[in-house]
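Have a look at the structure below, then the notes.
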2 protein chains.
Amino acid sequence: MARTTISDVAEAAGVSVSTVSRALRGLDKVNPDTRKKVERAAERLNFSFSKSASSLARGKTMKVAVLLPNEISGWFNAHAFEGIYEVLSKQGYDVIPNVMWEQRDLDRFFKALPNNQNVDAVIVVSFDLDDDKKRILSELTVPVIGVNTPTDDGLDASARIDDFAAMRSAVRLLHSLGHRNLAYIEQPVVSPFLCSAEIRLNGFREAAREVGCRDEDVLIVPSVARAGGPGEQEEYSGIAAQLLSAPVRPTGICVEHDACAAALIKELRRLGWDIPGEVSVIGFDDSYIANITGLTTIHQNPVETGRQAAARALSLMRGECPSEPYAIMPTSMVLRDTTGPAVESEA
Amino acid sequence: MARTTISDVAEAAGVSVSTVSRALRGLDKVNPDTRKKVERAAERLNFSFSKSASSLARGKTMKVAVLLPNEISGWFNAHAFEGIYEVLSKQGYDVIPNVMWEQRDLDRFFKALPNNQNVDAVIVVSFDLDDDKKRILSELTVPVIGVNTPTDDGLDASARIDDFAAMRSAVRLLHSLGHRNLAYIEQPVVSPFLCSAEIRLNGFREAAREVGCRDEDVLIVPSVARAGGPGEQEEYSGIAAQLLSAPVRPTGICVEHDACAAALIKELRRLGWDIPGEVSVIGFDDSYIANITGLTTIHQNPVETGRQAAARALSLMRGECPSEPYAIMPTSMVLRDTTGPAVESEA
DNA sequence: ATGAAAGCGCTAACAC
DNA sequence: GTGTTAGCGCTTTCAT
């Protein structure tokens, strides 16, 4: 059978199509009785609006695009998306993930964006945008909202944590526990645009200096793309080796992500290190893995960050300007079983 | 500035709109030179099609809905979605998650479905549909594809694992290790429609019988909704208590999900149990948590399951009928550090 | 190979 | 309050 249209409903209810439209969308200036009649008819015919048709007519798509780096199933992305979805879907929006695998995907998306009336807003998650793209954004008609973006440049609104400050608190914790030789481990296999990495590293570096570490007391283990994903244990023997072979062995270690930290700890323990006896490790995120493995870490709530971003998207789409467009979301240290006081150096 | 439309391109290229339409969509019967001209103009004007307009004109939405229970960030859902997204987005489809929080959400979705030309297909993930809904499905024009649904009833295609067989293999492993007193732990806080639970339990029950367990040798710890999520450690002290107070203490334990198993093991160890010395534990899923905690478990690949489902959705949307509409995806045991031989009973 | 024109189903003036 | 009507931007016969 052919689709039931608004005029079928109109006919069944004995009114005009515009009345049906008004009645069903809850607009005012429609007689309560008429409305009831229309609703009844719509119900009976199992009518629902064609989104394409009303989009076309109204010039609003009721869709918002969510740009995600690499994958939607990662801990942060999935939870941020969840928060975004939660608030937007309740308002009738279709929330459409757009996973960017390579730089070209991003380029293409942004190329089409200026003229793209296919979404009412775009939310970019964890991206580091180059100046070209920021310029495009600034001339855009649809609002662009950031989630954990490195800066707010070119964005109409954003919600993000302060990676820099968070790392600083981790360093201070280690320092106050007596650790003087620190290390920072970058996550293996980074995506081309994932952006928190750099900021966290900088936060670590600067905080280390603040607490009085000389550069030679600080070891940075850079991200190296190797075979296998970050879940692969082999990744971490190389990192452990670098830790072992450092001129002065670090006793306090910050890791870019929980999953990474957990895998590293596993490897370190396998090699006979005592954690937290000999060395303390701090993760980042407070994902489920941190909880189950007893990892000391920095907590953040990506679902809430997503919600905040989506709420701002909503008001922007309504043409309002949010009173506080750029939200900084809180983080907090959670102490578990991988950090402890530094032992006396055996000097 | 107003949106660039197809007629702007037509004008710029000096041809008619229909030619532009044909040229840009790669249809044949268009002169190569003309096509080039049109492409150039489109490029220059930064043109892209309005999805709503072409949907409306063609009667195809280029959208597919993915129905998910509870949350999109859960391990299975997120990965299945990822697989679905991967294949569908490459073909130009918008993949729209639809999270069902309560039964009413599902009811409402299905009520609107029969007349809903707003999506070209719907993929249902992990749902147990009642007969009413199955009946609706059977009269539907758009294809409906299942991912890890309990049955294939009413579905045009599906991809799913055999939960029943998977549990059986777990039970057999325990039995062959000498375990005679078995337990099955349901996941705390189950959703109203998540459906694998029942099948896994049945698989466990039946397999236990097959290997010769009497009913009194088998302990089922049912799911009880308690405060806090499944990540909360407190959940598991209650479960541990049930295990401890059982008439005959089980030494082989199957758990509905990895996360659950990991938390239980943590609690058990805290209480002084030796795993795998005194008791063996097997999880389900082989999620990252199983890997990092060394959990023996049953592996499945939800991304691939999602891909298979999406591939079938694709051919169904093209009007083909897939030669093998109902795919059973493989599972496999992965042995890690939480299973071992049963110790001699101290009789 | 290309163009003209009739919709697709709905919304938003504008009239009554 | 309600009806009429002109589009929204595209696809698709049907001519040419």
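Naming: A, B, ... by sequence-line order, numbering from 1 per chain.
Atom CG in A:Leu27 sits roughly 14 Å away from atom C1' in C:dA13 (whole-Å rounding). Following rounding to the nearest Å, B:Asp28 (CG) and C:dA1 (P) show an atom-to-atom distance of 8 Å. Between the NZ atom of B:Lys37 and the C1' atom of C:dT2 there is a distance of 11 Å, given to the nearest Å. A:Asp33 has its CG atom 14 Å from the C1' atom of D:dT2, to the nearest Å. As a whole-Å value, the separation of A:Lys36 NZ from D:dG1 C1' is 17 Å. For the pair B:Arg25 CZ and D:dC10 P, the interatomic distance rounds to 11 Å; values are reported in whole Å. Rounded to whole angstrom, the span from the CD atom of B:Glu11 across to the P atom of C:dG3 amounts to 13 Å. Residue A:Lys60 contributes atom NZ, which lies 24 Å from atom P of C:dG9 at whole-angstrom precision.
Looking only at distances, a side-chain donor or acceptor of B:Asn77 sits under 3.5 Å from a matching main-chain atom of B:Pro69. Side chain of A:Asn118 to main chain of B:Lys51: a donor-acceptor pair is present (N/O by atom type, distance under 3.5 Å, no hydrogens or angles). Judged by distance alone, the side chain of A:Ser52 and the main-chain N or O of B:Ser55 form no donor-acceptor pair under 3.5 Å. Remark: side-chain polar atoms of A:Asn98 are paired, donor with acceptor, to backbone N or O of A:Ile96 under 3.5 angstrom.
B:Ser18 contributes a side-chain N or O that forms a donor-acceptor pair with the base of C:dA4 under 3.5 Å. The base of D:dG1 has none of its N or O atoms less than 3.5 Å from a complementary donor or acceptor on the side chain of A:Arg35.
For the pair B:Ser16 and C:dG3, the criterion of a side-chain N or O lying under 4.0 Å from OP1 or OP2 is met. For D:dT13, neither phosphate oxygen OP1 nor OP2 lies less than 4.0 angstrom from any side-chain nitrogen or oxygen of B:Arg58. Phosphate contact (OP1/OP2 of C:dT11, side-chain N/O of A:Arg22, threshold under 4.0 Å): absent. Phosphate proximity of C:dC10 to A:Ser7: absent, as no side-chain N or O sits under 4.0 Å from OP1 or OP2.
Listed by residue number, the members of residues 49-56 of chain B with any heavy atom below 4.0 angstrom from DNA chain C are B:Leu56.
Bending across the helix from C:dA1-D:dT16 to C:dC16-D:dG1, expressed as the angle between its end axes from five pairs apiece, amounts to 30° (10° rounding).
A salt bridge links A:Glu304 with A:Arg307: at least one charged nitrogen is closer than 4.0 Å to a carboxylate oxygen.
Side-chain atoms of A:Gln300 and A:Asn148, non-hydrogen and from C-beta on, do get closer than 4.5 Å to each other.
If you check D:dC10, C:dA1, C:dG9 against the side chain of B:Phe47, the one that comes closest is D:dC10. Between D:dT11, D:dG1, C:dG3, one nucleotide has an atom nearer to the side chain of B:Ile6 than all others, and that is D:dT11. Here C:dC10 is the nucleotide among C:dT2, C:dC10, D:dT11 with the atom lying nearest to any side-chain atom of A:Ala57. With distances taken from any side-chain atom of A:Arg3 to the nucleotides C:dC10, D:dT12, D:dT2, the minimum falls on C:dC10.
For the residue pair A:Asp152/A:Ser158, the side-chain donor-acceptor check at 3.5 Å is satisfied. Residues B:Ser73 and A:Glu82 bring a donor and an acceptor atom of their side chains to less than 3.5 Å of each other.
The list of side chain to side chain donor-acceptor pair (under 3.5 Å) pairs with a residue in residues 10-29 of chain B, not counting sequence neighbours, reads B:Ser16-B:Ser18, B:Ser16-B:Thr19, B:Ser21-B:Arg25.
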Check step by step if salt bridge (Lys or Arg N to Asp or Glu O under 4.0 Å) holds for A:Glu320 and A:Arg312. CA-CA 9 Å; A:Glu320 308 160 9; A:Arg312 284 166 173 72; over 6 Å; no

